[in-house]
Amino acid sequence: QVQLVESGGGSVQAGGSLRLSCAVSSNIVSRYCMGWFRQAPGKEREGVAVIERGDSTRYADSVKGRFTISKDNAKNTLYLQMHSLQPEDTAVYYCAAPRSCSTGATRFYYWGRGTQVTVSS
């Protein structure tokens, strides 16, 4: 019913930048808290950033100052601008609507398929 489709992932050299996009099939971007979460091989899922309906944002300490989450309600699209990428940022990145607006959220209303980000040293 509701679909979230991530794009913009790829391979980049350390220090580079990428912008991820998440196209949503409905207007949940304007109705729900939205966020980006990632999972690296062999590691648990990690919250990256969340953005509330009123555009307030929260970031994981590991990405603070380097990543920026934003959204375009009219386009039903969520973004994650990533700068100064490091190898430890390598993971599959997912956009989601968490049940609690926290990077520590463990339950979600909606969840995308993910896009791979690979950062080489």
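Small disclaimer: the values here were computed from a predicted structure and weren't measured.
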Residue pairs, two or more places apart or on separate chains, that pass side chain to side chain donor-acceptor pair (under 3.5 Å) and touch residues 10-24 |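 For residues 10-24, and leaving out neighbouring residues, the side chain to side chain donor-acceptor pair (under 3.5 Å) pairs sorted by first residue read S17-H83.
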
Any side-chain heavy atom of T115 within less than 4.5 Å of one from V92?
->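 No - every pair of side-chain heavy atoms lies 4.5 Å or more apart.
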
Do the side chains of R58 and S102 get nearer than 4.5 Å, heavy atoms only?
->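 Counting from C-beta outward, S102 and R58 never come under 4.5 Å.
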
Closest heavy-atom contact between [X] and [Y]?
| X | Y | value |
| --- | --- | --- |
| Q86 | R66 | N-NH1, 4.1 Å |
| V50 | P98 | CG1-CG, 4.5 Å |
| P87 | A14 | CD-CB, 4.2 Å |

What is the distance from atom OG of S70 to atom CD1 of I51, rounded to the nearest 0.5 Å?
-> 6.5 Å

Please answer whether the main-chain N or O of A23 pairs with a side-chain N or O of K75 as donor and acceptor at a distance below 3.5 Å.
-> no

List, one per line, each side-chain donor-acceptor pair under 3.5 Å for residues 103-114, sequence neighbours excluded.
none

Please step through side-chain contact (heavy atoms from CB on, under 4.5 Å) for the pair L85 and L18, ending with a clear verdict.
-> CA-CA 8 Å; L85 285 163; L18 286 172; 4.1 Å; yes

Intermediate values then yes/no, side-chain contact (heavy atoms from CB on, under 4.5 Å), L78 and L4 | CA-CA 10 Å; L78 181 73; L4 293 74; over 6 Å; no

Side chain to side chain donor-acceptor pair (under 3.5 Å) partners for [X], two or more places apart:
| X | answer |
| --- | --- |
| D61 | K64 |
| T118 | Q116 |
| E88 | none |

Stepwise, does the side-chain contact (heavy atoms from CB on, under 4.5 Å) test hold for E6 with Y94?
-> CA-CA 7 Å; E6 301 93 338; Y94 302 90; 3.9 Å; yes

Take N73 and R53 through the test side-chain contact (heavy atoms from CB on, under 4.5 Å) and record every step on the way to the result.
-> CA-CA 9 Å; N73 290 336; R53 292 186 300 168; over 6 Å; no

Could you give all pairs that pass the ring pair (Phe, Tyr, Trp, His ring centres under 6.0 Å) test and reach residues 41-65, with sequence neighbours left out?
-> none

List the atom pairs, with distances to 0.1 Å, where a side-chain N or O of residues 24-44 and a protein N or O form a donor-acceptor pair under 3.5 Å, not counting sequence neighbours.
from	atom 1	to	atom 2	distance (Å)
S25	OG	Q3	N	2.8
N27	OD1	R31	NE	3.1
S30	OG	N27	O	2.8
W36	NE1	Y79	O	3.1
R38	NE	E46	OE1	2.9
R38	NH1	D89	OD1	3.0
R38	NH1	Y93	OH	2.8
R38	NH2	E46	OE1	3.2
Q39	NE2	K43	O	3.1

Out of V48, L20, V63, T57, which residue meets the side-chain contact (heavy atoms from CB on, under 4.5 Å) rule with I69?
->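 Only one of V48, L20, V63, T57 forms a side-chain contact (heavy atoms from CB on, under 4.5 Å) with I69, namely T57.
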
